[in-house]
Amino acid sequence: MAVLKATSTTAAATTKLGPAACEKDAEKLAFIEEMTANADQVQERVLAEILTQNSETEYLRRYGLNGAADRVTFKSKITMVTYEDLQPEIQRIANGDRTAILSGHPISEFLTSSGTSAGERKLMPTIQAELDRRQLLYSLLMPVMNLYVPGLDKGKGLYFLFVKSESRTPGGLPARPVLTSYYKSDHFRSRPFDPYNVYTSPTAAILCADAFQSMYAQMLCGLIDRLAVLRVGAVFASGLLRAIRFLQLHWRDLAADISSGVLTPRVTDPAIREAVGDLLRPDATLAELIEAECAGGDWAGIVKRIWPNTKYLDVIVTGAMAQYIPTLEYYGGGMPMACTMYASSECYFGLNLRPMCKPGEVSYTIMPMMGYFEFLPHEEGSSVGGAALPQLVDLVDVEVGKQYELVVTTYAGLCRYRVGDILQVTGFHNAAPEFRFVRRKNVLLSIESDKTDEAELQGAVERAAALLRPWGATVAEYTSQADTKAIPGHYVIYWELLMKEGEGEGEGERGRLPPAETLRACCLEMEEAMNTVYRQSRVADGSIGPLEIRVVRAGTFEELMDYSLSRGASINQYKVARCVTFPPIIELLDSRVVEAHFSPSCPKWAPINN
Ligand code: AMP
């Protein structure tokens, strides 16, 4: 796998990207230069490797590739697909068919994407060698960061990293999220010491599947080592905010443990107890400091106050996570936020070569050795299909300013697979384009990794609305918002109800709305109808709060239409937006709320059959 090696032998101290912090960094930066300068040749080589490795697969044979490994044949014979198109093959692999269906290499496991199909997590087949490729991308992050933030080898990173529950497919293959797979791999667990990548969290704490124990131990160790912490992070912004919320809820217990030098009995995992036991010593001064910082209830700039040497927050705040920027600014006291990489279960794509830029300016450079990348021109409102299929554009041929949907061909056997992300080209680094993440297609609501689309919301509303029938009520109109003012965030669904003639009027303040307990049941029914990622976040992770229905008074949606028309919407084309983000519209809706109800309990979710 020659393409995985940094082939530049003379590690220069200064690269085009800037002066490297050390010899090893220089080699990695030279590698980035080499890959991006020769992006097209690397892409051609990657495609040839993929097609050669998978030449005997049922999939490529079906398309009559006959061992061809060149771009022209590939493009003329292989069609673009979605997950749903591949589901029969994926299901066979999941059921235990070990023949070479998609990949010439054995499928080592399934990565469970946060993207769903028919309510279930998408299962992405992967092969062992992909771990090397993911690790290669990780190994490029610090050399780039070191260009902008010196001295990161003089301290540690406080990263809140978690594994999630995993299951097995009927054929016995593990099915788990990509990060769980990575943290449990030898690549992570037996990583050699690297002064630029020292974490405060013991590996045992990261690997504990119990969310409370894992978070408690990671926070405790971060507090013990507070002065060594130079960067604070999580994968996504929502994860870091959950950690801050955890501190708000548990600082007394954490301070008590630090004061006594004894770990709370609530942490029972033996490996964590051993790891934390090595670090925890009675420290009354530190305990007092934590109490003094947290007891006042002033959380502005708390990260900077508790970890005063922090230079930046390392979290993704692009895409769906952009909604958390103001909250992170508040808790971080305005500290810079670094978005370092762009990745998915299907494939790790690339990295941000200017990680200290402002969140609104983040662009990711897709690294051409990670997979074979093509781009489907995207125009707002257009749909692709039928005879007029536009040509897919190659990585080096995309145009600045234009938007595209990412299409990937992977070593694990996905061919011309639509990822569903819309990207906009902002420029080039050498021959490799840089992309702003615009949005994920068809996502209406998202709090963390959940992605609820319009059809799912519609289905959930219909299911819940059935509970109103005995009361002569129907849902006349609805819309929604992801409310992230409090942590965890939650879905808010605005309902305008239509009561049957004579059944909805008069009598008391709330008229004849269905009883509160019915509306609460509607909240829960909607949650039951949501996809598995939503329900897992609610049940296992507690990272989404109870769903809320806000009943608005009759005529509200007409007012909403009037408002939109006054702002230039066309009356012929006006449709109720099923999700609202524009603050004046949310204000209007909120000012018309008659009553609000929350889901009284968690929906059903189990790690099996998820
Ligand atoms: P998953 O398959 O669950 O790992 O989710 C991958 C998806 O998360 C991607 O396809 C993107 O939609 C989103 N994502 C990953 N990294 C980023 C990023 N840096 N910025 C915005 N969205 C991201």
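Worth knowing before you read on, the calculation uses all heavy atoms, side chains too, and leaves out hydrogens, waters and symmetry mates. As the structure is a prediction and not an experimental result, all values here were calculated from the model. Whatever order the structure lists ligands and atoms in, that order sets their numbers, starting from 1.
Shortest contact from atom 8 (O) of ligand 1 to any protein heavy atom: Ala343 O, 4.3 Å. Here the heavy atom of the protein found nearest to atom 21 (C) of ligand 1 is Thr318 OG1, 3.4 Å. Summary of contacts: the protein heavy atom closest to atom 7 (C) of ligand 1 is Arg440 NH1, 3.7 Å. Residue, atom and distance of the protein heavy atom nearest to atom 10 (O) of ligand 1 are Asp421 OD2, 2.7 Å. Looking only at heavy atoms of the protein, atom 17 (C) of ligand 1 is closest to Tyr342 CD1, 3.6 Å.
Using a 4.0 Å cut-off to heavy atoms of Tyr364, the atoms of ligand 1 that qualify are 18 (C), 19 (N), 20 (N).
Between Arg535 and Glu527 there is no salt bridge, since no side-chain nitrogen of the basic residue lies less than 4.0 Å from a carboxylate oxygen of the acidic one. Using a 4.0 Å cut-off between charged side-chain N and carboxylate O, Lys184 and Glu166 make a salt bridge. By the 4.0 Å N-to-carboxylate-O rule, Glu109 lies too far from Arg168 to be salt-bridged with it. Under the 4.0 Å criterion applied to side-chain N and carboxylate O atoms, Glu374 and Lys75 are assigned as salt-bridge partners.
Protein non-hydrogen atoms do not reach within 4.0 Å of atom 13 (C) of ligand 1.
Of all the listed residues (Ser345, Ser114, Ser344), Ser114 holds the heavy atom that lies closest to atom 3 (O) of ligand 1.
The closest approach between a heavy atom of Met341 and any atom of ligand 1 is below 4.0 Å.
Tested against Ser103 for a side chain to side chain contact (heavy atoms under 4.5 Å, CB included), the candidates Ile93, Leu414, Ile50, Asn54 yield a single pass: Asn54.
At least one donor-acceptor pair closer than 3.5 Å links the side chain of Asn38 to the backbone N or O of Glu34.
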| task | I would like to know whether Phe236 and Tyr324 meet ring-ring contact (aromatic ring centres under 6.0 Å, His included); could you show each step before the answer? | result | CA-CA 10 Å; Phe236 288 112; Tyr324 295 110; over 10 Å; no
